[in-house]
> 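Please read through the structure below; I'll follow up with questions.
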Amino acid sequence: EAAVTQSPRNKVAVTGGKVTLSCNQTNNHNNMYWYRQDTGHGLRLIHYSYGAGSTEKGDIPDGYKASRPSQENFSLILELATPSQTSVYFCASGDVGGRAEQFFGPGTRLTVL
Amino acid sequence: EQQVQQSPASLVLQEAENAELQCSFSIFTNQVQWFYQRPGGRLVSLLYNPSGTKQSGRLTSTTVIKERRSSLHISSSQITDSGTYLCAMGRNSNNRIFFGDGTQLVVKP
């Protein structure tokens, strides 16, 4: 199983501040994903990537940017954090070749005050 | 439109009872994955089952593509099985997956 790690695991930020969430995967998967999970909304896709240098918008991209500088790393950036972005964020990586199977990191709990 | 529907929304069992969780899809798919999650925890992949029947320990998944459904059977439930079970379907076009809202399972002693 792919090893996906996230940092930080917990983060408290102030409104208007910049927040960067990092994700690293060691199984050489081409695809990586950022989700947020909120009670009542389930898992929602924010951004995803097909490989180094690529980023695609998911279902709720507003207020978020993504960066994929290498095969292993995928970051989620909140340029101006707002309290509505308080959530648990999950990163995932997935295989290609027609197999839509994903493996998740442990999550980052973000609180924006 | 909700592309993945799960039932039941919640389920309470006595330890050692069996559980049957259901997932239905709005479109045909041959990419089905089942996950387990404790509150606030990581999504753990249980089974990837594009079609037919697959087993892992006490877990058995059956996916029937033409009927657009998948099920997860948990045999001899244990207290540690408590948590949320999520079903997800994929479409080959871009390897995205779409999640259901989950089934919350509580196993009591």
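In the text below, chain A, chain B and the rest are named by the order of the sequence lines, each starting its count at 1.
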> Are B/Leu21 and B/Val4 linked, directly or through other ILVMFWY residues, by side chains that come within less than 4.5 angstrom of each other?
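Yes, it is one cluster - the side chains of B/Leu21 and B/Val4 are joined through contacts under 4.5 Å.
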
> To check you understand the geometry: which heavy-atom pair defines the closest contact between B/Arg96 and A/Leu45, and what is its length?
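Shortest heavy-atom contact: NE-CD2, 3.2 Å.
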
> Between B/Gly41 and A/Phe90, which heavy-atom pair has the shortest distance, and what is it?
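For B/Gly41 versus A/Phe90, the nearest heavy atoms are O-CZ, 3.3 Å.
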
> Can you tell me which residue among B/Phe35, B/Phe98, B/Phe99 is in a ring pair (Phe, Tyr, Trp, His ring centres under 6.0 Å) with A/Tyr35?
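With A/Tyr35 as partner, ring pair (Phe, Tyr, Trp, His ring centres under 6.0 Å) holds for just one option, B/Phe99.
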
> Taking CD in B/Gln22 as the centre, count heavy atoms belonging to other residues, nucleotides or ligands within less than 6.0 Å. Is the count above 12?
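Yes, enclosed.
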
> Need one label for A/Gln37: side chain, backbone, both or neither, based on atoms under 4.5 Å from any heavy atom in chain B.
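Contact with chain B: side chain only.
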
> Would a single hydrophobic cluster contain both A/Phe104 and A/Trp34, if residues Ile, Leu, Val, Met, Phe, Trp and Tyr are joined by side-chain heavy-atom contacts under 4.5 Å?
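The answer is no; the residues belong to distinct hydrophobic clusters.
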
> Which residues in residues 105-113 of chain A have a heavy atom less than 4.5 Å from any heavy atom of chain B?
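Near chain B, by residue number: A/Gly105, A/Pro106, A/Arg109.
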
> Is there a path of hydrophobic side-chain contacts, each under 4.5 Å between heavy atoms, that joins A/Phe74 and A/Tyr50?
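No.
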
> Same cluster or not: are A/Leu43 and A/Tyr48 linked, directly or through other Ile, Leu, Val, Met, Phe, Trp or Tyr residues, by side-chain heavy atoms under 4.5 angstrom apart?
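Yes; tracing contacts between hydrophobic side chains, which count when under 4.5 Å, links both residues.
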
> Please check this pair: side chain of B/Gln33 against backbone of A/Gln102, looking for a donor-acceptor N/O pair closer than 3.5 Å.
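A pair under 3.5 Å: yes.
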
> Should A/Val88 and A/Leu76 be regarded as members of a common hydrophobic cluster, given that ILVMFWY residues are connected when their side-chain heavy atoms come within less than 4.5 Å of each other, either directly or indirectly?
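No, A/Val88 does not connect to A/Leu76 through the hydrophobic network.
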
